[in-house]
K.L.:
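Mind looking over this structure? Questions follow.
Residue numbers begin at 1 in each chain, while the letters A, B, ... track the order of the sequences. In what follows, every heavy atom counts, from backbone to side chain, and hydrogens, waters and symmetry copies are set aside.
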Amino acid sequence: MEPITSIRGFKDILPGESEKWQFVERKAREVFGAYGVRELRIPILEKTDLFRRGIGETTDIVEKEMYTFLDRGEESLTLRPEATAGAIRSYIEHHFYETDPVARLYTIGPMFRRERPQKGRYRQFHQINVEMLGYEDPRVDGELIGMLMAFLTSLGIGDLDLEINSLGCADCRPLFREKVVRYLGDREDTLCPDCQRRLRTNPLRIFDCKVAECREAVREAPVILDSVCDGCRDHFEKVKELLSSIGVPFRVNPRMVRGLDYYKKTAFEVIGHSLGAQNAVAGGGRYDGLVRDLGGPDIPGIGFAIGFERLVSMLPGRDEDYSPAPDIFVATLGREAEDTAFRLLNDLRGKGLRAETDYSGKSLKAQMKRANRSGATHVLIVGGDELAEGALVLRDMKNGVQEKMPIPDAVVKIEEIFHVR
RNA sequence: GUGGGUGUAGCUCAAUGGUUAGAGUGCCGGGUUGUGGCCCCGGAGGCUGAGGGUUCGAGCCCCUUCACUCACCCCA
């Protein structure tokens, strides 16, 4: 019989790896908590229209990457390709703004995009998202970006670059876009085929192209930071100032653009240099106007998304550093010993200790081998001979020293070693 | 969607077109009646991704297909 395999681009997160995920989540809750950011849990399936309206009809995501199907042949549903649209749908649906327009939310979970998998890119991938709704103030931009960097730092991840840019607002961006189209339109024949297409679909993206001819064409092109309106310029200047004031290093990248239509003003990206071609570990920006576009009141917002898989791949150390070994391994010799050991294990675990054993009935040698491999620092050997006098053997695996002692004494000794009661 | 690379033991990898496809590691057992790591010995484990073709003979050459992987596109 042919075994059934997982789907292309869908990955199992195995023990050894999953502990790293738990570590990241634990840190996220801890750091975000300090900023008053609270968890929102939302469905992974939404009505397709939510994403069409939220992300933009002409984006790649909506045009060709969504997992969309008809539910019972009636309603079009989509596995979420990103989290912001759903979070805002929830914010609007539950009338958050009636009691308090300000909301600081995070979500953690899977996203789905039907792209060709490669290093750091999967069809089911996971994101940690933070959304801060209700504030137009640049201090929120600074706070949010500062929090992101604090989080990454708390994980022990180095070798990161923060890049920021301003994309302009609904007033000034269209003007800039026209300027760019006019400028590059005159040089269309020097652009690569992809960029000739982008000229019509997403001209700002040309700034990001890696082809040498396009870089040349773009070199003298108008820069968005020179073209934004006074409001956007002041906002951006303030964000930069605030980041500097809290010691967050950044680089202004005037060519950075974002893939989703809704971004305005502040945009940012965190680049990890060990990641390969897909090198953005986090990205985000301001999306004033999105809440209104999704049918809510005109409330501003800003947020970011962190790529979980990419983040985990950057964690320092080995897998084992994130997976705690058991404290005690219990080995047995003989029928009676097995029953005693069973009760002993139950007691040890009741004290909060990580205790393991082996039920294969194999030799003590085999059990010791397993104990060693488990990484347990101590082994309790419950043997027939000692048991006859109500005793057992406690062995320290680090130095090989072992001692026979009455069961009650052994319990006290273990409590001392592990500081439990 | 497009292009490159790779598919051999659980894992990492060897093997001029020529006997019975090997090694390391892991697993199981022994060297020690009841003691792990280090060392020694033994054992199990393979339709060489799948299908077709060329050849006296294919893991190796050709075609097809599938999978994985990297890159483009795009993005976290």
K.L.:
Between A:R89 and A:Y91, is NZ or CZ placed under 6.0 angstrom from the six-membered ring centre and within 45° of the ring axis?
P.N.:
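No cation-pi geometry.
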
K.L.:
Which part of the nucleic acid, if any, lies within reach of A:R373 when heavy atoms closer than 4.0 Å are counted: base, sugar-phosphate only, or nothing?
P.N.:
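Result for A:R373 = sugar-phosphate.
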
K.L.:
What nucleic acid atoms does A:E65 come within less than 4.0 Å of, heavy atoms only: base, sugar-phosphate, or nothing?
P.N.:
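The answer is sugar-phosphate, as A:E65 gets under 4.0 Å only of primed atoms, P, OP1 or OP2.
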
K.L.:
Could you tell me the Watson-Crick or G-U partner of B:G17, where both distances fall under 3.5 Å? Say none if there is no partner.
P.N.:
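In the structure as shown, B:G17 has no Watson-Crick or wobble partner.
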
K.L.:
Start at the 5' end of RNA chain B and walk down; is the nucleotide closest to A:H126 or to A:K119 reached first?
P.N.:
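Looking at RNA chain B, the more 5' nearest nucleotide goes with A:K119.
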
K.L.:
Using a 4.0 Å heavy-atom cut-off, does A:I61 contact any base of the nucleic acid, only the sugar-phosphate backbone, or nothing at all?
P.N.:
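No contact.
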
K.L.:
Scan A:G284 against the nucleic acid and name what it touches under 4.0 Å (heavy atoms): base, sugar-phosphate only, or nothing.
P.N.:
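Nothing, no nucleic acid heavy atom in range.
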
K.L.:
Which residue is it: A:V312, A:V24, A:L315? I am looking for the one with a side-chain contact (heavy atoms from CB on, under 4.5 Å) to A:Y322.
P.N.:
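Only match with A:Y322 under side-chain contact (heavy atoms from CB on, under 4.5 Å): A:L315.
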
K.L.:
Counting heavy atoms from C-beta on, name the nucleotide in B:U32, B:C68, B:A71 closest to the side chain of A:K365.
P.N.:
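The answer is B:U32.
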
K.L.:
Answer yes when A:R251 and A:D161 have at least one side-chain N-carboxylate O distance shorter than 4.0 Å, and no when they do not.
P.N.:
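Here A:R251 does not pair with A:D161 in a salt bridge, since their nearest N and O are not under 4.0 Å apart.
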
K.L.:
Mind checking if A:K398 touches a base, just sugar-phosphate, or nothing, with heavy atoms under 4.0 Å?
P.N.:
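Base contact.
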
K.L.:
State which residues pass salt bridge (Lys or Arg N to Asp or Glu O under 4.0 Å) with A:E356; sequence neighbours excluded, sorted by chain then number.
P.N.:
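Not a single residue meets the salt bridge (Lys or Arg N to Asp or Glu O under 4.0 Å) criterion with A:E356.
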
K.L.:
Counting only side-chain N and O atoms of A:K362, is one of them less than 4.0 Å from OP1 or OP2 of B:G34?
P.N.:
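Answer no for this pair, as no side-chain N or O of A:K362 is under 4.0 Å from OP1 or OP2.
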
K.L.:
With a 4.0 Å cut-off on heavy atoms, is A:E63 in touch with a base, just the backbone sugar-phosphate, or nothing at all?
P.N.:
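No contact at all - A:E63 keeps every heavy atom at 4.0 Å or more from the nucleic acid.
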
K.L.:
Hey, does A:R8 reach any base, or is it just sugar-phosphate, or nothing, if we go heavy atoms under 4.0 Å?
P.N.:
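The residue A:R8 makes sugar-phosphate contact but no base contact.
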
K.L.:
For a quick check of understanding: with a heavy-atom distance under 4.0 Å over all strands, which category does A:A371 fall into, base, sugar-phosphate or nothing?
P.N.:
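Nothing: the residue A:A371, judged by heavy atoms under 4.0 Å, touches no strand.
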
K.L.:
What nucleotide among B:G37, B:G3, B:A76 has an atom nearest to a side-chain atom of A:N372?
P.N.:
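Within the option list, the nearest is B:G37.
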
